[in-house]
Amino acid sequence: MKYSEMIKRVQSWAKERGLDKTDPHAQGLKIAEEMGEMFQAFLKGRKEDELDAVGDLQVTLIIYCLQRGINYEKCLADAYSVIENRKGKTVDGIFIKQEDIE
């Protein structure tokens with residue numbers, strides 16, 4: 001299934017449950033919770049839990065964008081267009097933009 005179709009399915013699922021009309025603050029907390037679960041699974045070496053949390057994190061972000069009227073796919077495309085030609089270097093596993101090095 002294409003990524004765009006999966007996003008639409010998540011949006012439909014959320015709408016069926018009235019999540020599109022709920023408080024984005026609560027959804028923001030859910031995003032933070034899923035981020036914590038993902039990193040906790042990573043630290044504990046629980047790959048299955050980590051994979052589950054990555055999916056859950058995307059679902060919570062898609063629902064947040066639905067609530068706020070933000071186009072999730074456009075955000076991803078815009079972010080990639082910013083980084084696709086970015087220069088810099090990786091230091092201790094973290095990418096540093098060229099302009100932050102100079």
Side-chain angles (χ1 to χ4, degrees):
M1 177 179 312
K2 291 185 178 183
Y3 195 64
S4 58
E5 180 59 31
M6 186 55 59
I7 291 169
K8 288 176 186 169
R9 285 187 178 200
V10 170
Q11 290 169 333
S12 292
W13 179 91
K15 288 176 184 177
E16 289 168 6
R17 288 153 181 82
L19 292 172
D20 58 323
K21 307 263 190 277
T22 59
D23 184 3
H25 292 91
Q27 193 64 22
L29 292 173
K30 190 69 177 160
I31 291 167
E33 176 187 335
E34 296 298 346
M35 179 70 76
E37 288 179 11
M38 182 189 72
F39 199 64
Q40 184 178 48
F42 164 73
L43 291 174
K44 292 181 177 180
R46 295 179 170 163
K47 191 65 168 185
E48 279 298 314
D49 291 342
E50 184 181 10
L51 296 174
D52 180 64
V54 168
D56 290 347
L57 185 55
Q58 287 192 74
V59 167
T60 57
L61 284 168
I62 291 166
I63 295 170
Y64 174 82
C65 288
L66 176 64
Q67 291 171 336
R68 300 287 298 136
I70 297 169
N71 184 316
Y72 183 82
E73 280 187 277
K74 183 177 181 328
C75 290
L76 180 59
D78 289 351
Y80 181 74
S81 73
V82 169
I83 67 165
E84 69 180 322
N85 295 311
R86 183 171 280 166
K87 304 288 187 249
K89 67 180 183 176
T90 301
V91 178
D92 297 325
I94 298 172
F95 184 80
I96 313 267
K97 296 185 286 187
Q98 187 66 40
E99 57 264 27
D100 291 344
I101 295 170
E102 300 170 347

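Basis for what follows: all heavy atoms, side chains included, without hydrogens, waters or symmetry-related copies.
With contacts defined as side-chain heavy-atom distances shorter than 4.5 Å, the pair Y64/K30 does not qualify. Contact check for L76 versus Y3: side-chain heavy atoms found under the 4.5 Å cut-off. Residues Q67 and I63 have side chains in contact (heavy-atom distance under 4.5 Å, counting atoms from C-beta outward). Side-chain contact between L19 and W13 is present, with at least one heavy-atom pair separated by less than 4.5 Å. Between D49 and E37 there is no side-chain heavy-atom pair separated by less than 4.5 Å.
Not counting sequence neighbours, the partners of Q40 by the side-chain contact (heavy atoms from CB on, under 4.5 Å) test are K44.
Considering CG of L57 and CE of M35, their distance stands at 5.0 Å, rounded to 0.5 Å. If you take CD on E34 and CG on D52, they are separated by 7.5 Å, rounding to the nearest 0.5 Å. In this structure, the separation between NZ on K97 and CD1 on I83 is 11.5 Å, given to the nearest 0.5 Å. Here the straight-line distance linking atom NZ of K87 with atom CD of E99 works out to 11.5 Å at 0.5 Å rounding. Of the inter-residue distances, the one linking Q11 atom CD with Y72 atom OH reads 10.5 Å to the nearest 0.5 angstrom. Atom CG in D56 sits 11.0 Å away from atom CG in L51 (nearest 0.5 Å).
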| query | Given the rule in the salt bridge (Lys or Arg N to Asp or Glu O under 4.0 Å) test, do E5 and K8 qualify, once you have shown the distances and angles that lead to the verdict? | reply | CA-CA 5 Å; E5 180 59 31; K8 288 176 186 169; 5.0 Å; no

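Heavy atoms of other residues, nucleotides or ligands lying less than 6.0 angstrom from CZ of R68 number 12 at most. Surrounding CZ of F42 are at most 12 heavy atoms belonging to other residues, nucleotides or ligands under 6.0 Å away.
Contact between Q27 and T60 at its shortest, heavy atoms only, is NE2-O, 3.1 Å. Summarising the geometry of I70 relative to C75, their closest heavy-atom pair is CG2-SG, 3.3 Å, with the distance given to 0.1 Å.
Checked by atom type and distance alone, the side chain of S12 never pairs as donor or acceptor with a backbone atom of R9 at under 3.5 Å.
One hydrophobic cluster, built from ILVMFWY side chains closer than 4.5 Å, cannot hold both V59 and L66; they sit in different ones.
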